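Here's the structure, in structure tokens; my notes come after.
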Amino acid sequence: MSMAIALPLAGQVALVTGASRGIGAAIARELAGAGATLVVNYASSPEAAEAMVNEIQAAGGKAWAHRANVADEQQVEAMVKAVLEREGRLDVLVNNAGITRDGLLMRMKTADWQSVIDLNLTGVFLCTRAVSRSMLKARSGRIINITSVVALFGNPGQANYSAAKAGVIGLTRSTAAEFASRGITVNAVAPGFIDSDMTKDLDKEPILKAIPLGRMGQSAEVAGAVRFLAADPAAAYITGQVLQVDGGMVMR
Ligand code: NAP
């Protein structure tokens, strides 16, 4: 019996939103390591995005950066157009960009509610719609949305964020149902508490008590789940699912 050794995403193009830092950077690194050409999206950290591109290129991979605010319809459309013009294809979309604007609901400013919904939920819709035409035409594609375990339980101080992330789960399932007949899978990854800029100022003691594995997660551990969902044929028969990467925090 012969065995062919090939990188699972060789020849494919992956767009990762918010790939300049944190979990997105780890996902970019992982998918590039699997052979994909990486489009590193960022909004306000050009140096970090370029450093990511340089790191991938230095390791022998292919990558370039594109600035776009994923909450802005025109910028999202222009980004996807740029990818298709330059690469001629777009195989994997990872909707990772996200922010928090935490506060108790009673005192939450409408602007803080709206900016989290605009980026964390509407941004996923805009990017998904923008890639849909080329993926539907190609009759293949992988869309992976980064949600959060706080979409699954009530986290005080995060009404805006939990609502957006729960919305992403609904959006994932509806899109999965719409795109399934065209060979496109749509899944979500729900990280628990991961070491990144987003969590660096949180009080870790109560959080660690709630995690059966007894530690924060690492960005690379989320990236591993994304790589799996992007890989063919490993995850070809999985769609509309939420894969938790949370150290056992929420067991259902
Ligand atoms: P992070 O370290 O704060 O990084 C956020 C990333 O999003 C940065 O690359 C940032 O790029 C980008 N971004 C912010 N606003 C953007 C915009 N308008 N358009 C495009 N990109 C934008 O956050 P993280 O912890 O890696 O989180 C990544 C994802 O995982 C988010 O969706 C988050 O909700 C989710 N998540 C995180 C955790 C956790 O514990 N850390 C847990 C569950 C889920 P610039 O710097 O260039 O603006």
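All ligand and atom numbering here is 1-based and tracks the order in the structure. None of the values given here were measured: they were computed from a predicted structure.
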With a 4.0 Å cut-off on heavy atoms, does A26 reach ligand 1?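 No; A26 lies far enough from ligand 1 that no heavy-atom distance drops under 4.0 Å.
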Does ligand 1 have any atom sitting under 4.0 Å from a heavy atom of K165?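 Yes, K165 has heavy atoms under 4.0 Å from ligand 1.
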Under the criterion side chain to side chain donor-acceptor pair (under 3.5 Å), which of D112, D118, T110 is the partner of Q114?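 Passing option: D118.
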Counting only heavy atoms not in K204, do more than 12 fall under 6.0 Å of its NZ?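 Counting neighbours around NZ of K204, more than 12 heavy atoms of other residues, nucleotides or ligands fall under 6.0 Å, so yes.
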Could you find the nearest protein heavy atom to [atom] and give me its residue, atom name and distance?
| atom | value |
| --- | --- |
| atom 26 (O) of ligand 1 | I23 N, 2.8 Å |
| atom 15 (N) of ligand 1 | L119 CD2, 3.5 Å |
| atom 12 (C) of ligand 1 | G18 CA, 3.5 Å |
| atom 33 (C) of ligand 1 | Y161 OH, 3.4 Å |
| atom 17 (C) of ligand 1 | A43 CB, 3.4 Å |
| atom 31 (C) of ligand 1 | N96 O, 3.1 Å |
| atom 13 (N) of ligand 1 | A97 CB, 4.1 Å |
| atom 18 (N) of ligand 1 | N69 OD1, 2.8 Å |

Is there a side-chain contact between L229 and V189, using heavy atoms and a 4.5 Å cut-off?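 Yes. Closest side-chain heavy atoms under 4.5 Å.
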Search all heavy atoms of [X] against all heavy atoms of [Y] and return the closest pair with its distance.
| X | Y | value |
| --- | --- | --- |
| E77 | A130 | OE2-CB, 3.9 Å |
| S162 | N155 | OG-O, 4.3 Å |
| L9 | A231 | CD2-CA, 4.3 Å |
| N41 | M79 | ND2-SD, 3.5 Å |

Assess whether a salt bridge exists between [X] and [Y], defined as any Lys/Arg side-chain N lying under 4.0 Å from an Asp/Glu carboxylate O.
| X | Y | answer |
| --- | --- | --- |
| R21 | E47 | no |
| R142 | D91 | no |
| R173 | E178 | no |

Could you tell me whether some N/O pair between [X] and ligand 1 is separated by less than 3.5 angstrom?
| X | value |
| --- | --- |
| N120 | no |
| T17 | no |
| G24 | no |
| S148 | no |
| A71 | no |
| P191 | no |
| S44 | yes |

Numbering as shown, the atoms of ligand 1 that approach [X] to under 4.0 Å (heavy-atom distance):
| X | value |
| --- | --- |
| Y42 | 47 (O) |
| G22 | 2 (O), 26 (O) |
| T147 | 43 (C), 44 (C) |
| G192 | 38 (C), 40 (O), 42 (C), 43 (C) |
| D197 | 2 (O) |
| I146 | 30 (O), 35 (C) |
| T199 | 39 (C), 40 (O), 41 (N) |
| I194 | 39 (C), 40 (O), 41 (N) |

Between T172 and N187 (side chain of the first, backbone of the second, donor and acceptor by atom type, cut-off under 3.5 Å), is there such a pair?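 Not a single qualifying donor-acceptor pair exists.
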Verify, without hydrogens or angle tests, whether T199 (side chain) and I194 (backbone) share a donor-acceptor contact under 3.5 angstrom.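 Yes, because the side chain of T199 sits within donor-acceptor range (under 3.5 Å) of the backbone of I194.
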Before giving the answer on side chain to side chain donor-acceptor pair (under 3.5 Å), spell out for Q158 and D102 the whole-Å C-alpha distance, their side-chain angles and the decisive distance to 0.1 Å. CA-CA 5 Å; Q158 290 201 306; D102 295 352; 3.2 Å; yes
Can you hop from L243 to I143 via hydrophobic side chains spaced under 4.5 Å?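 In one cluster with L243: I143, no.
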Report yes or no: do [X] and [Y] form a side-chain donor-acceptor pair below 3.5 Å?
| X | Y | answer |
| --- | --- | --- |
| Q75 | R67 | no |
| W64 | E87 | yes |
| N96 | T17 | no |

Pick whichever of S20, S45, P46 has a heavy atom sitting closest to atom 9 (O) of ligand 1.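 Residue with the shortest heavy-atom distance to the ligand atom: S20.
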Which option, V149, V124, V70, D246, owns the non-hydrogen atom nearest atom 19 (N) of ligand 1?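 Among V149, V124, V70, D246, the closest heavy atom to atom 19 (N) of ligand 1 comes from V70.
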Checking contacts here: is it the side chain or the backbone of [X] that comes within 4.0 Å of ligand 1, counting heavy atoms only? Could be both or neither.
| X | answer |
| --- | --- |
| N41 | side chain |
| S196 | side chain |
| A68 | backbone |

